[in-house]
Amino acid sequence: MALIVHKYGGTSMGSPERIRNVAKRVAKWARAGHQMVVVPSAMSGETNRLLALAKELAPSKSSAAYNRELDMLAATGEQASSALLAIALQAEGMESVSYAGWQVPIKTNSAFTKARIESIDDDRVRADLAAGKVVVITGFQGVDEEANVTTLGRGGSDTSAVAVAAAMKASECLIYTDVDGVYTTDPRVVPEARRLHTVSFEEMLEMASLGSKVLQIRSVEFAGKYKVPLRVLSSFTPWDIDINEEAKSGTLITFEEDEKMEQAVVSGIAFNRDEAKVSVLGVPDKPGIAYHILGAVADANIEVDVIIQNISKDGKTDFSFTVHRGEYARTVELLNTKVLPSLGAAEVVGDTKICKVSIVGIGMRSHVGVASKMFRSLSEEGINIQMISTSEIKTSVVIDEKYMELAVRALHKAFDLDQPVS
Ligand code: ASP
Ligand code: MG
């Protein structure tokens, strides 16, 4: 008998029929002797629907008071789906109770719409489990010190589930979703993409931050910090498949690096179109320049990703970096008004039609020539690399957005990711 946390995404909770299937699946696990805690998302589309209503009333208002109400509003989506799931479980003959975040309580800070979990009190939940109940806990929400309802940011119920699993020292946290695991890359771009049986936590962290949207990145950080065994699997298998088979399906996020080292050097290709490139040209090459430019950007709360500075010529250099595409206009404006005049730089230019493509794998630590293989493969396709950034386990390039799919396909092939791992 083990304590298991199941998390079901919005698609899996999308209709009464699907909720009934979730209940049947959870009941199967409970009847196999496990203590079950279930964390559902809102029914698919519900969070968007609620937030759109708020927007209709106050288009682009953003203040703490407004954000507080957004959380009050959006949290109702999970409250409804949780109650419906408890009702469905009762209809399956299981004793079940649902709790909103404040009832557990899941305590968070007061950063409305992007709150962070601070603590979870599991006494009430444990008592219910001991009494043989299946406990349903709302995803995505918590409560702050002043008893305000808070939410954890879009996709936040992944984080709720992992946090509950960590607090309760669950044997495993199973994330049921509309894909059947983590893939070598997006199968919509590369049909030969393969599901990974295991992926290391560090690789998953890179992939989540690089744009693979299977898990909310904060949930992966949480899993790493508290070593929560995490599995991503499909909620669209028949609910009555053999439980042992189901327990081994999907992708397991592991902490066993050595095992992984023997396998592929590169585990996956991630990509995103979310960034834009900004270049400051003709910058005087002297100490303090990077700070002068990026300090101003950071002060405006704009996140910077890839950065490069060219070698200087005649005492001048060019400085480029990427920001989120939604921040592009604000960044250019800021540089033109606040930075150029005091810096004596020539001009600011930019490009929003870029994308970032990355190879990820912990095997890169122990193998040389991985990045050069990436560059060769891109050059064979005639793709120009505009920027490069690396970490221990990934190499990213910024290229013209129109070559994104070509690049991803070429790299997937070059690193043999379409071949089954032995
Ligand atoms: N319902 C919330 C959202 O759509 C949280 C979640 O589904 O994880 O962002
Ligand atoms: Mg989600």
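Each ligand, and each atom within it, is numbered from 1 in the order the structure gives.
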_Please classify the E46 to ligand 1 contact at 4.0 Å (heavy-atom distances, strictly less than): side chain, backbone, both or neither._
neither
*Report yes or no: does a heavy atom of G10 sit under 4.0 Å from some atom of ligand 1?*
no
*Got a donor-acceptor contact below 3.5 angstrom from the R365 side chain to the I393 backbone?*
no
_Option of least heavy-atom distance to atom 6 (C) of ligand 1 (set: A75, S157, P40)_ = S157
_Sub-3.5 Å N/O-N/O distance, D158 and ligand 1_ = no
_Nitrogen or oxygen of S41 less than 3.5 angstrom from that of ligand 1_ = yes
Contacts table for residues 127-140: side-chain donor-acceptor under 3.5 angstrom, sequence neighbours left out:
from: D128; atom 1: OD2; to: Y99; atom 2: OH; distance (Å): 2.5
from: T138; atom 1: OG1; to: Y99; atom 2: O; distance (Å): 3.4
from: T138; atom 1: OG1; to: G101; atom 2: N; distance (Å): 3.0

_Does the residue G155 have a heavy-atom contact with ligand 1, meaning some pair of atoms that are separated by less than 4.0 Å?_
yes
*Could you tell me which residues satisfy salt bridge (Lys or Arg N to Asp or Glu O under 4.0 Å) with R325, sequence neighbours excluded, listed by chain and number?*
E401
*Hey, which atoms in ligand 1 end up nearer than 4.0 Å to a heavy atom of R154?*
3 (C), 4 (O), 9 (O)
*Let me see the working for K353 and D351 under salt bridge (charged side-chain N to carboxylate O under 4.0 Å, His left out), right down to the final yes or no.*
CA-CA 6 Å; K353 297 210 161 24; D351 187 355; over 6 Å; no
*Give a yes or no answer on whether the side chain of S82 reaches the backbone of E78 with a donor-acceptor pair at less than 3.5 Å.*
yes
_Set out, in order, the CA-CA distance, both residues' side-chain angles and the distance that settles salt bridge (charged side-chain N to carboxylate O under 4.0 Å, His left out) for R330 and E327, then state yes or no._
CA-CA 5 Å; R330 199 156 75 90; E327 300 282 20; 3.0 Å; yes
